[in-house]
Amino acid sequence: MTNPLYDALFAPHEGRTSPFLHLADGHTLSYETFLEEASRMANALSSLGIGPGDRVAVHVQKSPQALMLYAACVKAGVVLLPLNTAYTTRELDYFVNDSGAALFVCDTSEEAELRELADGSGAILKTLGPDGDGTLADLARGQEATFATVPRSEDDLAALLYTSGTTGRAKGAMLTQKNLLSNAEVLVESWQFTSNDVLLHALPIFHSHGLFVATNVILLSGGAMIFLPKFDLEAVLSWLPKATTMMGVPTFYTRLLEDARFDSDLAAHMRLFISGSAPLLAETHRQFEARTGHRILERYGMTETSMNTSNPYDGERRAGTVGFPLPGVNVKICDPETGDELPHGEIGVLWVRGPNVFKGYWNMPEKTREELREDGFFITGDLSMIDEDGYVHIVGRGKDLIISGGFNIYPKEIELFLDSLPGVKESAVIGAPHPDFGESVIAVLVPETGANLDLSAVYAAIKRDLAGFKRPRKIELMEVLPRNTMGKVQKNQLRDRFATAFQQD
Ligand code: MCA
Ligand code: AMP
């Protein structure tokens, strides 16, 4: 094989006229058309001097063209760096510079604002709009519809995905061709995807869930996707009859359950509903079954590892658990202090090893050594337990992390930002249960002594510099933060105190 990922996911579909993407406007794009456009895009990259190993940072709306850019990158051996559309200029600056991106593709509407950033980083700036417009699309239009696939080995990088960390500094997870391909193979098999499947795709495509789990599974099985720009309840309800499967974060399923039109008739024809990225409450699992007769299949993964465990397709899908390690994936639960493996039934940190586990953090050898052991085990930071039947339970987090609507938010990053604002002495950021997002963000601020903290200025700074999903939805003022004798902020006390803050929202 010359380029394992392209050869497995895309090459078999060249010239295939069957549907690949059903779009919200009613149009359908065949595999053949999609791949011709992707080849044009690959030629466009090449004409810009972008070649194997170069990073292409992408900050664009979800569209077929954005997905073509993914295919083009794989074909041209280029490393894709997708970025959350909610990121602000300040946040983007770090990713583009840290990755040394050679090309930065942004939305057409952002070109003027991001020009200075791109020039400062040395990246070429091109645009791609949601309707297939933009300077990259224009360049691609004039290119040939064929492109000689660039040879790659399975250990070459296919993608760089940034994930924030407990230190507040985001880390680029290096994902190889093998990481992505091995995971797609295992998922197609485990979840029994075939070319008859039509996946309802309402996830964003800048994260592993929507881009790799969902899209790669469909590409490998040769099925089709109903490719919606985002999760819009009306659109999802109206397209559901044409789908066989759906993947989503728990918020998708709680929103569906809130609508009486989502009933057993609407879901009867469906083969499978899959949930991940955040804990699915056992209660949601039960309500879903009571309403539709379907047991949601919950699985567990991470940006660094793609998918690690899954409830069984055949067999009991156990509510409140994430199932069994996927074939080829080793999971063990270890003592957080000693690293010794713990017996079933005991709670510790989940370690994972397998072909799915990433190659390390971009330009961070020390961080990589801390979390990715020489024997191949990656320390996830998730507090877990394996029960007597072998089901893995994620029972908490050893890392300070909030997951809101499936997006990860690292409190440290927000705290560093808040601490830097005038009048703020210190801050603590916590998550509290939220009926729609699962968890949402509360910031506790301690004003400088004698300062008259201007909260409207704090809100304005947050709005300007932090992506919307990270923004604290409530700010509380305290004179001092609760600390233990070691001086560590007692976040548990804060979580208890503000546990019901979002209950009436
Ligand atoms: C949007 N907003 C949010 C979120 N999303 N606030 C908190 N948490 C969120 N997740 C805010 C916006 O900033 C905006 O705020 C307001 O909500 C409305 O924005 P809109 O885009 O209309 O929101 P939405 O359509 O309601 O989006 C909610 C959503 C979306 C559908 C749950 O967040 C989503 O698609 N989440 C999926 C995340 C995902 O794919 N995660 C996978 C990570 P304002 O009004 O103030 O401007 S990959 C991963 O975790 C691993 C590998 C795994 O296991 O899968
Ligand atoms: P990310 O860094 O965005 O890849 O998020 C990965 C984290 O999401 C994991 O380390 C878990 O904490 C969490 N996660 C993903 N899937 C699940 C799940 N099914 N149940 C509980 N937590 C999950």
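Heavy atoms only: backbone and side chains are in, while hydrogens, waters and symmetry mates are out. When a ligand or atom number is given, it counts from 1 through the structure's own listing order.
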Just distances here: any N/O of [X] and N/O of ligand 2 closer than 3.5 Å?
| X | answer |
| --- | --- |
| K399 | yes |
| S275 | no |
| E298 | yes |
| Y300 | no |
| Y410 | no |

For [atom], decide whether some protein heavy-atom distance is shorter than 4.0 Å.
| atom | answer |
| --- | --- |
| atom 18 (C) of ligand 1 | no |
| atom 29 (C) of ligand 1 | no |
| atom 49 (C) of ligand 1 | yes |
| atom 32 (C) of ligand 1 | yes |
| atom 44 (P) of ligand 1 | no |

Can you name the atoms of ligand 1, numbered from 1 with element, that are less than 4.0 Å from a heavy atom of [X]?
| X | value |
| --- | --- |
| F469 | 3 (C), 4 (C), 6 (N), 7 (C), 8 (N), 9 (C), 13 (O) |
| L203 | 40 (O) |
| G405 | 10 (N), 32 (C), 33 (O), 36 (N), 37 (C), 38 (C) |

Taking only non-hydrogen atoms of [X], do any sit less than 4.0 angstrom from ligand 1?
| X | value |
| --- | --- |
| P204 | yes |
| K463 | no |
| K470 | no |

Test of proximity, [X] against ligand 1: N or O pairs below 3.5 Å:
| X | answer |
| --- | --- |
| Y300 | no |
| F252 | no |
| S277 | yes |
| H207 | no |
| T303 | no |

Specify side chain, backbone, both or neither for P279, according to which of its non-hydrogen atoms lie closer than 4.0 Å to ligand 2.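 Answer for P279: both.
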Heavy atom of the protein closest to [atom] (residue, atom name, distance):
| atom | answer |
| --- | --- |
| atom 12 (O) of ligand 2 | D382 OD1, 2.6 Å |
| atom 26 (O) of ligand 1 | R255 NH2, 2.9 Å |
| atom 54 (O) of ligand 1 | R299 NH1, 2.7 Å |
| atom 14 (C) of ligand 1 | R473 NH2, 4.8 Å |
| atom 5 (N) of ligand 1 | F407 CE1, 4.0 Å |
| atom 2 (O) of ligand 2 | N408 ND2, 2.8 Å |
| atom 7 (C) of ligand 1 | S404 OG, 3.0 Å |
| atom 16 (N) of ligand 2 | S277 N, 3.2 Å |
| atom 17 (C) of ligand 2 | A278 N, 3.7 Å |
| atom 41 (N) of ligand 1 | G406 O, 3.0 Å |
| atom 22 (O) of ligand 1 | K230 NZ, 2.9 Å |
| atom 13 (C) of ligand 2 | I403 CD1, 3.4 Å |
| atom 46 (O) of ligand 1 | R471 NH1, 4.0 Å |

Side chains of [X] and [Y]: is there a donor and an acceptor less than 3.5 Å apart?
| X | Y | value |
| --- | --- | --- |
| N311 | R317 | no |
| D387 | H344 | no |
| R169 | Y94 | yes |
| T89 | E113 | yes |
| H285 | E298 | no |

Indicate the ring-plane relationship of F288 and Y253, choosing parallel, tilted or perpendicular according to the 30° and 60° boundaries.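 Aromatic pair F288/Y253 classed perpendicular.
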Which word best sums up how the rings of Y87 and F469 line up, parallel for under 30°, tilted for 30 to 60°, or perpendicular for over 60°?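 Taking F469 first and then Y87, their aromatic rings sit tilted (interplane angle of 30° to 60°).
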E316, CD: over 12 other non-hydrogen atoms inside 6.0 angstrom: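 Yes, because the 6.0 Å sphere around CD of E316 holds more than 12 heavy atoms from other groups.
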What salt bridge (charged side-chain N to carboxylate O under 4.0 Å, His left out) pairs are there with at least one residue in residues 82-96, not counting sequence neighbours?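 Matches after skipping sequence neighbours: E91-K470.
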I'd like to know whether ligand 2 has S208 as a neighbour, heavy-atom separation below 4.0 Å.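 No; S208 lies far enough from ligand 2 that no heavy-atom distance drops under 4.0 Å.
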May I ask whether R299 places a heavy atom under 4.0 Å from ligand 2?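 Judged by the 4.0 Å heavy-atom criterion, R299 does count as contacting ligand 2.
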Mind checking what makes side chain to side chain donor-acceptor pair (under 3.5 Å) contact with N183, not counting sequence neighbours?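 Not a single residue meets the side chain to side chain donor-acceptor pair (under 3.5 Å) criterion with N183.
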Quick check: H207 with F407 (ring centres under 6.0 Å apart)?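 Distance test on ring centres: under 6.0 Å, yes.
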Using ring centroids (six-membered ring only for Trp), state whether Y70 and F10 fall under 6.0 Å.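 Centroid separation for F10 and Y70: below 6.0 Å.
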N/O donor-acceptor pair under 3.5 Å between S63 side chain and A66 backbone: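 A pair under 3.5 Å: yes.
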Candidate pair N84 and Y162, rule side chain to side chain donor-acceptor pair (under 3.5 Å), full reasoning: CA-CA 10 Å; N84 194 319; Y162 276 82; over 6 Å; no
Steps toward salt bridge (Lys or Arg N to Asp or Glu O under 4.0 Å) verdict (D197, R271): CA-CA 9 Å; D197 272 305; R271 182 175 76 77; 2.9 Å; yes
What are the atoms of ligand 2, with element, lying closer than 4.0 Å to any heavy atom of M302?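 What qualifies from ligand 2 is 4 (O), 6 (C), 9 (C), 10 (O).
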